[in-house]
Amino acid sequence: MGILEVKGVNKRFGGLQALGDVNLSVQENTVHAIIGPTGAGKSTLLNCLVGKLIPDSGSVMFDGQSVLGRKPFEINQMGISRVFQTPEIFTDLSVIENVMIPCFAKRDGAFRMHAIESVSSEKGIREQAETMLADVNMLDKRDMHTASLSRGDKRRLEMAMCLVQDPKLLLLDEPTAGMARADTNNTIDLLKEIKEKRNITMAIIEHDMHVVFSMAERITVLAQGTPLVEDTPDNIKGHPKVREAYLGEAQV
Amino acid sequence: MIGLNKKDFGLFLIVCFMALAAPILLNPFPVDSAMSDFNAGYPALMQKFAIFGIVVIGFNILFGLTGYLSFGHAAFLGAGSYAAVWMYKLLSFNVIFAIPASIIVAGLLSVVIGHISLRRSGIYFSILTLAFAQMSYALAYSVLTPITNGETGLQVYNNDPQVLMGEGALAEPHLFGLNLNNLTKVQVGGWEFTFEVGYYLCAIFLILAFYMSIRIFRSPFGMMLRAIKSNQNRLNYTGVSPKPYTLAAFIISGLYAGLAGGLMAAMDPLTGAERMFWTESGEIVLMSILGGVGTLIGPILGAGAIEYMSAIVSAITSADLKSWFGWLPDWLETIVIYVLYPFVGKGWHLTLGVVFMLVVIFLPGGLVEGGQRIGKLFSRKKPATAPGGSATPAE
Ligand SMILES: Nc1ncnc2c1ncn2[C@@H]1O[C@H](COP(=O)(O)OP(=O)(O)OP(=O)(O)O)[C@@H](O)[C@H]1O
Ligand SMILES: [Mg+2]
């Protein structure tokens, strides 16, 4: 049994079958990539995992519990964090505050009326956030306004915000989309580092084969809403069906 | 100190000083001088400064921190006033009953209105709050006449029960026998200062309200509210449920408005539906924006500026203008008065409009930003590229 078990998931948008009978099993402590051509349904699948969309049928079990019908914040509290395609951070807050918020969410749950205590007296939370920022090499930017961060730093910050919660599963939707080669490589290094340090389970949606093959331990290929194959990177590279459906023009 | 950091504590002391010394600070001109019309240190106006200061401080916790713009906060003000007058009618004129009652009633109303309005965000939330406030106004004006006394307004009559009143007790609002209308006038040279019990009651509540707002701004709760304004999507995927936070902020701001409504009825023991009218809600929004949204001191400045204009500018007559500009050549005097006249007296709203436009265009951060710019002009030091302070809300 994997930590994430998707069984027979279907999702239609009007006449369009975005997901058709998707089965997926993500094993603990692996990096699992989901690839596939544009419109294959990768984002739709991810949205079904985090509570943004509800599948028409099928089941999504995480850590032995169904996530279906739960709100995004409840699913996060179960241990799934996600990174967005364009970094979603709190732009009017400082870098350290951005990291402290997920710490509070982890400690205090979805709501707590802590209106009289002062943030500055929360030494433990601050230390936790600072340690995390040091891990992603952003400690020196701790007090900066996030609006002035570079795109790469925003990505790092968002990653830190997810990781500081020590999620059981980290979901990444095209974490390098639109990035220059150098930034992409930085992100790969960062992810690898995180993987080594924290041994975290990750599911990555990615277009960039360079990213996929330098990180993934398992790969699922999605085409027209249905998983084509699931295998190790080496086997996927040589798989005729995959070449035909997808990799043909991607020049692996 | 008292749970505040050094900077906030300094600000708090300044506000305490301003509130307690207002009768002196606001009367800078001798009684006989030509400028004495610009003195604001008389009880009725100072009470308004404090009361609207309280409303806007509370409003700012909702609007300033979460970004949810309510156009219906006058409903809570009105509900607070009705509750207070009912306490006078049923129990006694002691405000020890009236003020808690106004806070509680406004709080209950804000739970209902907040719970429903917060199903939507953005402009739809604003419209919902506006609709609720106008409904409250309409109810108070006609349907609920047995409770609100409709058009006439609610006041205390001789045959009201007043069960806790006792023989020979004061027949106007008091605090354990201390008449809120008591006042002392102090003459110093040509100056005269008026110290009124009622004003000081308002001032103490203003100070408490301000203190609570600093604590909320600096708390993890306050940080979550700012996160809601900044990026609700991210917050959802961070495991935080925005709804109870916004609802709590809404209720807190409702409690503040209820307190203010109670204080209004403590200063003058009658009330009417017009206190809930939408223009009143609009004024709260204007005060908040004029002062500086999301800043600590902004609400007090905004409330003060607008109440000052509504009291002082609206009292300027054409005779006043003539006496001020009499020294100009006749033709110039005529032109100046012709230009200025529409902006004073009944036309004070024009002045308000112009000031508001200028502030929004040139000082988007409100009067607080104006103050900061002036502060920078005068401080020799280059403004440090302050790490730390930069992302926390300005004072
Ligand atoms: N909310 C929606 N309403 C209608 N159709 C949608 C919706 N979301 C996605 N689709 C459609 O479903 C299909 C799958 O979309 P999805 O975004 O999951 O693809 P993807 O694999 O993530 O593609 P890309 O690589 O371009 O991100 C597409 O044809 C898309 O147009
Ligand atoms: Mg996609």
Side-chain angles (χ1 to χ4, degrees), chain A residues 50-52 71-84 87-122 125 140-148 158 161-162 164-165 167 171, chain B residues 1-9 61 64-67 211-249 251-253 255 293-294 384-394:
Chain A
V50 293
K52 186 160 190 204
K71 300 219 171 78
F73 71 84
E74 293 169 318
I75 293 174
N76 172 279
Q77 291 285 350
M78 291 169 74
I80 300 184
S81 287
R82 82 174 281 193
V83 168
F84 285 80
E88 293 267 350
I89 54 179
F90 302 112
T91 30
D92 304 324
L93 277 64
S94 69
V95 168
I96 184 85
E97 284 175 323
N98 266 270
V99 187
M100 284 170 81
I101 285 174
C103 296
F104 279 121
K106 171 104 179 169
R107 189 192 71 184
D108 299 335
F111 173 70
R112 184 174 149 201
M113 191 68 208
H114 34 25
I116 299 299
E117 305 90 325
S118 149
V119 170
S120 49
S121 65
E122 300 277 6
I125 295 271
D140 53 327
K141 304 198 168 87
R142 167 178 46 191
D143 294 318
M144 266 172 79
H145 213 284
T146 52
S148 49
E158 194 192 28
M161 291 163 70
C162 290
V164 79
Q165 295 191 312
L171 298 175
Chain B
M1 244 161 293
I2 55 173
L4 306 181
N5 68 31
K6 224 169 134 200
K7 213 170 137 202
D8 291 341
F9 186 68
I61 291 171
L65 292 182
T66 70
Y211 175 71
M212 284 307 298
S213 101
I214 303 182
R215 292 297 291 260
I216 290 172
F217 265 62
R218 301 299 183 227
S219 71
F221 173 76
M223 198 157 92
M224 290 299 177
L225 298 184
R226 284 190 291 133
I228 285 171
K229 180 178 184 177
S230 175
N231 191 341
Q232 242 188 85
N233 192 38
R234 172 36 87 195
L235 200 58
N236 266 308
Y237 290 98
T238 305
V240 175
S241 171
K243 173 84 188 267
Y245 281 102
T246 37
L247 183 59
I251 295 170
I252 291 171
S253 68
L255 296 173
V293 177
T385 38
S390 55
T392 49

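A, B, ... follow the sequence lines: proteins, then strands. Residue 1 opens every chain.
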All side-chain hydrogen bond (donor to acceptor under 3.5 Å, both in side chains) counterparts of A/R112, not counting sequence neighbours: A/D108, A/E117
Just give me the residue among [options] that pairs up with chain B most often, heavy atom to heavy atom, under 4.5 Å.
{"options": "A/M78, A/E158, A/K71", "answer": "A/E158"}
{"options": "A/F90, A/F84, A/F104", "answer": "A/F90"}
{"options": "A/A147, A/A115, A/S120", "answer": "A/A115"}
{"options": "A/R82, A/H114, A/E88, A/Q77", "answer": "A/H114"}

Name the region of [X], side chain, backbone, both or neither, that has any atom closer than 4.5 Å to a heavy atom of chain A.
{"X": "B/M223", "result": "both"}
{"X": "B/A227", "result": "both"}
{"X": "B/L235", "result": "both"}

Option that, when pairs with chain A are counted at under 4.5 Å, heavy atom only, ranks first among B/G239, B/P244, B/G222: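 Counting heavy-atom pairs under 4.5 Å, the top option is B/G239.
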Closest-packed option against chain A by number of heavy-atom pairs under 4.5 Å, given B/N5, B/I216, B/I252, B/N233: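 Highest number of pairs under 4.5 Å: B/N233.
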Portion of [X] that has a non-hydrogen atom of chain B nearer than 4.5 angstrom:
{"X": "A/I89", "value": "backbone"}
{"X": "A/K106", "value": "neither"}
{"X": "A/E122", "value": "side chain"}
{"X": "A/V164", "value": "neither"}

All pairs passing side-chain hydrogen bond (donor to acceptor under 3.5 Å, both in side chains) where residues 235-244 of chain B contributes a residue, at least two apart: none
B/S230 side chain to A/T91 backbone, donor-acceptor under 3.5 Å: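 Answer holds: yes.
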Nearest-0.5 Å distance that lies between atom CZ in B/R226 and atom CD1 in A/I101: 7.5 Å
